[in-house]
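First the structure, in the form of structure tokens, and then the observations on it.
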Amino acid sequence: MAARELRRQGEDSLVVLEARDRVGGRTLNMPIGDGHIVEVGGEWIGPGQDAVAALIQELGIEAYDHYYRGDTTYDIEGKVSRGLLPDVSFSEALDFAKVAWQLDRLSAKLPLGEPWRAKNAAALDQQTFGAWLSQHAATSFTPAVFRLINRAVWSGYPERTSLLWILHYLRSAGGLLPVILNDGGAQDQRIEGGSQVISQRMAANLGDRVLLGRPVLRIEDPSSGPTRVVTAQETFTADRVIVAMAPADTMRIDFAPGLPEQRLALASGWARLPRLPLVKAAVLYDAPFWRVDGLNGAMQSDRSPIQLVFDNSPEDASMGVLSCFLSIVECPHLADRAAREEGLKHELARYFGAKALDAKGYVEKDWATDPWSTGCITPLTPGLLTAGGEHLRKPSGRIHWAGTESAKVWCGYMDGAISAGARAAAEVIASLR
Ligand SMILES: Cc1cc2nc3c(=O)[nH]c(=O)nc-3n(C[C@H](O)[C@H](O)[C@H](O)COP(=O)(O)OP(=O)(O)OC[C@H]3O[C@@H](n4cnc5c(N)ncnc54)[C@H](O)[C@@H]3O)c2cc1C
């Protein structure tokens, strides 16, 4: 996106160096037969995600509503229920609503994209979300649901996640509801042709300015002369460098001179974090059979192994697809692919009946074993955001930072990645003029 924006603003002397043999990063389309694909990385967009909405419109890509007609299945605190909401008592629902409201109220007070500037930032960053929940929740249901959200949306556990980081994330998305709502929230719409098509379309427009299979090994920013960007094949010189990846992923690059201490602390802290390694798997069927039973194929659970399920069938419903999110550390018996392919069918049968055993195919992406993405979304542990947050966006000499983690709005999402790229490009243009 940064390269697209630079060109739009008249700066065309640029090159994009991509480590992988493909573009798209944490978005990836996988073929599932008959010309269909399923996304095994970033997928949905929702209301308020204006950057991605504008970009797909420019690129001539359509979005369509995800299928949510019918009941959602919930498996919370060992109880399986179906409906619009989980089957809970009035007092449990009230407690959840109260805690959610308190959380939203706290998050709305943060300066957008700059949580470290909040008056009580240090206190909020010293606390874990789990500790805050145990002080504010009056039922076991409320922490169970937030644990579900923390695991599934933020790949971590409340007892390890900074309260300030959670509030920052919610603030950037406009509150808790936009994050957790499927229909009408961040999981509202799918991209025609799969989300990776956004990067593929931009790369096609950039043509031979995009070089694949070029892991950047070293970036030099000397006190005189141009910057130097070193790959195994060649060395490029440039007036400015934009690094567009998660802070943790920048740790694979050797910076000379070294990065400012706070930036390094942030990136290395992020890289060392305990995270829930994520697998996104799709189990394929002849038809979306659950729809006939009045189910929308969505399932949310606070118990392992499957955290979330979505009906990811093609728009024409010519086959059925159930996409599952799981973390192998929570289910060691599903540690290898063959075990997952078999085991997930049985897990799905618990929620959608015996027909779930009759799968005709399986695809997955294990992000933990990907050499170029340290994680999906990684929640920060206490202390890191106040110690180094300012350096998420602050240029280090002539090196500018993009990537979704640096976004003020919808950080962690594709939308954030797009606005961050545009912001870094604008910074570069301004610094060159
Ligand atoms: C399973 C999963 C589900 C998700 N679901 C959603 C969703 O539904 N909606 C949503 O909006 N977001 C979702 N996300 C998040 C979304 O995919 C990311 O926010 C977005 O793709 C991040 O884009 P980025 O450009 O910031 O980083 P990346 O996509 O990580 O791109 C960084 C790029 O840098 C490259 N790179 C890394 N190191 C080097 C190096 N040394 N040299 C050269 N190149 C390098 C990488 O190969 C990569 O292409 C999901 C992510 C995952 C993994």
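Ligands are counted one by one from 1 in listed order, and the atoms in each one are counted from 1 as well. All figures in this text were calculated on a predicted structure; none of them were measured in a lab. Computed over heavy atoms, backbone and side chain alike; hydrogens, waters and symmetry mates excluded.
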For this session: Please work out which of Gly46, Ala244, Ala246, Ala2 has its closest non-hydrogen atom nearest to atom 34 (O) of ligand 1.
Result: Ala244
Exercise. Less than 3.5 Å between some nitrogen or oxygen of Glu18 and one of ligand 1, yes or no?
Worked result: yes
For this session: Say whether Ile253, considering both its backbone and side-chain N or O atoms, lies within less than 3.5 Å of an N or O atom on ligand 1.
Result: no
For this session: Please identify which atoms of ligand 1 are closer than 4.0 Å to at least one heavy atom of Trp367.
Result: 1 (C), 53 (C)
Problem set entry | His391 backbone acceptor or donor facing Arg263 side chain under 3.5 Å | yes
For this session: Name the option, out of Met245, Gln187, Gln196, that contains the heavy atom nearest to atom 39 (C) of ligand 1.
Result: Met245
Problem set entry | ligand 1 N/O within reach of Phe325 N/O, cut-off under 3.5 Å | no
For this session: Say whether Asp249 and ligand 1 are in contact under the criterion: heavy-atom distance to a ligand atom below 4.0 Å.
Result: no
Exercise. Mind checking whether Glu405 has a heavy atom under 4.0 Å from ligand 1?
Worked result: no
Exercise. Can you tell me if Tyr64 and Glu62 form a side-chain donor-acceptor pair at under 3.5 Å?
Worked result: no
Problem set entry | Per-atom contacts, ligand 1 versus Gly403 - under 4.0 Å to a heavy atom | 26 (O)
For this session: Below 4.0 angstrom from a heavy atom of Leu278, which ligand 1 atoms are there? Numbered from 1 as shown, please.
Result: 1 (C)
Seminar exercise, completed: Closest heavy-atom approach to atom 18 (C) of ligand 1 among Ser195, Ala407, Gly412, Gly213 is made by Gly412
Exercise. Any side-chain hydrogen bond (donor to acceptor under 3.5 Å, both in side chains) pairs touching residues 27-37, not counting sequence neighbours?
Worked result: His36-Ser318
Exercise. Would you call Arg303 and Glu347 a salt bridge, using N to O less than 4.0 angstrom?
Worked result: yes
For this session: Indicate whether the side chain of Asp188 and that of Gln49 have a donor and an acceptor atom separated by less than 3.5 Å.
Result: no
Exercise. Short list, please: which atoms of ligand 1 are under 4.0 Å from a heavy atom of Thr404?
Worked result: 19 (O), 22 (C), 26 (O)
For this session: Would you mind running through ligand 1 and noting each atom that sits below 4.0 Å from a heavy atom of Val216?
Result: 40 (C), 41 (N), 42 (N), 43 (C)
Exercise. Does a side chain donor of either Gln196 or Ser199 reach within less than 3.5 Å of an acceptor in the other side chain?
Worked result: no
Exercise. Under a heavy-atom criterion of less than 4.0 Å, does Pro215 contact ligand 1?
Worked result: yes
Problem set entry | Partners passing side chain to side chain donor-acceptor pair (under 3.5 Å) against Asp311 (at least two apart in sequence or in another chain) | Trp290, Arg291, Ser313
Exercise. Should Trp44 be counted as touching ligand 1, given the test is an N or O pair under 3.5 Å?
Worked result: yes
For this session: Would you please test Phe352 and Thr73 for side chain to side chain contact (heavy atoms under 4.5 Å, CB included) and show each step?
Result: CA-CA 9 Å; Phe352 302 108; Thr73 304; 4.1 Å; yes
Exercise. Using 4.0 Å as the upper bound for N to carboxylate O, is an ion pair formed by Asp370 and Arg26?
Worked result: no
Exercise. Near Leu17, which atoms of ligand 1 are under 4.0 Å from a heavy atom of that residue?
Worked result: 43 (C), 44 (N)
Problem set entry | Atom of Val179, atom of Gln187 and distance for their closest heavy-atom approach | O-NE2, 3.3 Å
Exercise. Going by the order shown, which atoms of ligand 1 are within less than 4.0 Å of some heavy atom of Glu43?
Worked result: 5 (N), 6 (C), 7 (C), 8 (O), 9 (N)
Exercise. Taking N or O atoms only and a 3.5 Å limit, does Asp415 qualify as a polar contact for ligand 1?
Worked result: no
For this session: Please confirm whether Lys280 makes a cation-pi placement over Trp44, using NZ or CZ under 6.0 Å from the six-membered ring centre and within 45° of the ring normal.
Result: yes
